[in-house]
Protein chains: 2
Amino acid sequence: MHKLNPSLSVDCVIFGLDTNEQSLKILVYEREIFPIEGSGNKNLKFPGSLVIEDEDLDESAYRILNELTGLKNVYLKQFSAFGKPDRIKFDEEREWSEKHYGIKINRVVTIAYYALIRIDKHNPEQKQIKDKLRWINIDNASNLAFDHSHILSVALETLRRDLIFQSAISLELLPKKFTLNHLQSLYEIILGNKLDKRNFRKKIAKAGYIVPIGEKQTGVAHKPAMLYRFDKRKFNKNNEGIATFFI
Amino acid sequence: MHKLNPSLSVDCVIFGLDTNEQSLKILVYEREIFPIEGSGNKNLKFPGSLVIEDEDLDESAYRILNELTGLKNVYLKQFSAFGKPDRIKFDEEREWSEKHYGIKINRVVTIAYYALIRIDKHNPEQKQIKDKLRWINIDNASNLAFDHSHILSVALETLRRDLIFQSAISLELLPKKFTLNHLQSLYEIILGNKLDKRNFRKKIAKAGYIVPIGEKQTGVAHKPAMLYRFDKRKFNKNNEGIATFFI
DNA sequence: TTAATTAGTGTAAATAAAACACTAACAAAA
DNA sequence: TTTTGTTAGTGTTTTATTTACACTAATTAA
């Protein structure tokens, strides 16, 4: 059995794009410690756990993500540490944590990661990994457990900035083959505003690493769109792995 | 006496601008554990310490910075956590740490902050706070203690990005009154490339929050330059506290 | 008086950003 | 089979931004 460090945890803010609802969602874990009524979202928290002694933080994040949600091979990035001594505010929270981990908890500093995944591909409910996981809309995510609402707001800020200055991460949220409207819609959902279709396409074209695969959508009740893919080789060659189409 | 958390530390990468040498420096702490010859910079580390139980991380960073260097009221920003289990690689390092803190150390995750200070104003040697502190040029900072070389490279990346996308932080490194050439020189030193003087000034003018104070330099053996200051009111009004002149 | 040094200024050309509306292709419904 | 609804796809003009570039001015030191 691995020994847990009682001062250190990792939390994962898992973002998923709901292309039907045109909304950005997060995957949260539902506990049952506060009464159902009137407790707001206090029973919802991000998947997270204490880290094992002698475990690398990044590995810890991957392990926790996989154990709690079954997710693998996802884009995961550390974005901040949260360490207010009163992060765990309620006695019930402390009790829950101690029962949950089976060790005495003091003050816990959490290292927060965000993950980008495709809801259609990685729906944990479909995979019946845990029946306690739920996707919720970020607009309904106020008043989460611990300081998780604060963590969410920092995560969102970071995601939006990364999406602009490091555009390639957007592709984590799309299938291998996608249409330019899918990509544009992703930006609109995450950034929260509309973009001009023609200007958007000009930028994509200039970036050069998003290329048509010569196939079209099928089965859609409208003009089928050309499918595109991410060309890693072109990306690396022109952008040294960092660049962006700076929406 | 405060109890230290044996798993958690804070390290401060303190950047200072040397305007004479036209170089960016960091403030490091010199230990004596490895033989002087052949140990490279392995005796040099960033000011840092274990955090006290029940101490906020940001407060911890300010406390540590003040205790170790005498510095106060400096710009300090958390930029990453480092948690590889083998961060403390040599037995000597572990021994040093245990002797230094007086407690048994296991694996330590460090939360890293960077600070920006004016060397002329805050020279710890002048203030005889510690005789073990030294400014070293970032170009001579390879092979530091622990994983501190890696921490430095992440800190530098972050600083450069922040300087571009959050330009106002540059003013932390300058005196209240400065010339536009000082400001430009700061950018050139930190970003490591030359900028066009006229284009630079156009951007500053457009930003609007760097204003002339109607005074000129004195005692210089060349045409004296106009002195400028940062206008906080204009900055907040136009930029909501974030903006930048995007060099 | 001269030399050395940094301060300060404008313009033209190229590039990028923004605003804007119609036709094309498909499935479903009539 | 025709019509309807829906999304795909395309260029141009205007405006703003970026880039490249070189000389005169003011001071102290020699």
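In this text, all values refer to a predicted model and were calculated from it rather than measured experimentally. Below, chain A is the first sequence line, B the second, and so on; all start at residue 1.
B:Leu195 has its CG atom 14 Å from the C1' atom of D:dA20, to the nearest Å. A straight line from NZ of B:Lys206 to P of C:dG10 spans 18 Å, rounded to a whole angstrom. Residue B:Gln217 contributes atom CD, which lies 12 Å from atom C1' of C:dT5 at whole-angstrom precision. The interatomic distance linking B:Lys194 (NZ) with D:dC21 (P) rounds to 17 Å, in whole Å. Rounding to whole angstrom units, CZ of residue B:Arg201 and P of C:dT11 are separated by 17 Å. Across the protein-nucleic acid pair, B:Leu180 atom CG and C:dT9 atom C1' stand 12 Å apart, rounded to whole Å. Atoms CG (A:Asn20) and P (D:dT7) sit 13 Å apart, rounded to a whole Å. Atom P of nucleotide C:dA25 and atom CD of A:Glu215 are separated by 19 Å, given to the nearest angstrom.
For A:Phe178, the ring pair (Phe, Tyr, Trp, His ring centres under 6.0 Å) test picks out no residue, with sequence neighbours left out.
Judged by the 6.0 Å and 45° rule, B:Arg31 forms a cation-pi pair with B:Phe146.
Salt bridge status for A:Glu67 with A:Arg63: present, with a side-chain N to carboxylate O gap under 4.0 Å. In this structure, B:Lys194 pairs ionically with B:Glu188, as a charged nitrogen and a carboxylate oxygen lie closer than 4.0 Å.
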Next item on the list: Check step by step if side chain to side chain donor-acceptor pair (under 3.5 Å) holds for A:Tyr113 and A:Asp58.
Entry: CA-CA 9 Å; A:Tyr113 285 76; A:Asp58 291 357; 2.5 Å; yes

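The structure places CG of B:Leu27 at 10.5 Å from CZ of B:Arg134, a figure rounded to the nearest 0.5 Å. B:Leu163 contributes atom CG, which lies 6.0 Å from atom OG of B:Ser170 (distance to the nearest 0.5 angstrom).
At least one donor-acceptor pair under 3.5 Å links the side chain of A:Lys42 to the backbone N or O of A:Leu144.
Taking each heavy atom of B:Leu173 and B:Phe15 in turn, the nearest pair found is CD2-O, 3.9 Å.
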Taking only nitrogen or oxygen atoms into account, show me every contact under 3.5 Å that the protein makes with nucleotides 18-22 of chain C, one pair per line with its distance.
unit_1	atom_1	unit_2	atom_2	d
C:dA18	N7	A:Asn199	OD1	3.4
C:dA18	N6	A:Lys202	NZ	3.1
C:dA19	N7	A:Asn199	ND2	3.2
C:dA19	N6	A:Asn199	OD1	3.2
C:dA19	N6	A:Lys202	NZ	3.3
C:dC20	N3	A:Arg198	NH2	3.3
C:dC20	N4	A:Asp196	OD1	3.4
C:dC20	N4	A:Arg198	NE	3.3
C:dA21	N1	A:Arg198	NH1	3.2

Next item on the list: Going 5' to 3' through nucleotides 24-30 of chain D, assign each nucleotide B (protein heavy atom under 4.0 Å from a base atom), S (under 4.0 Å only from sugar-phosphate atoms) or - (no protein heavy atom that close).
Entry: -BBBS--

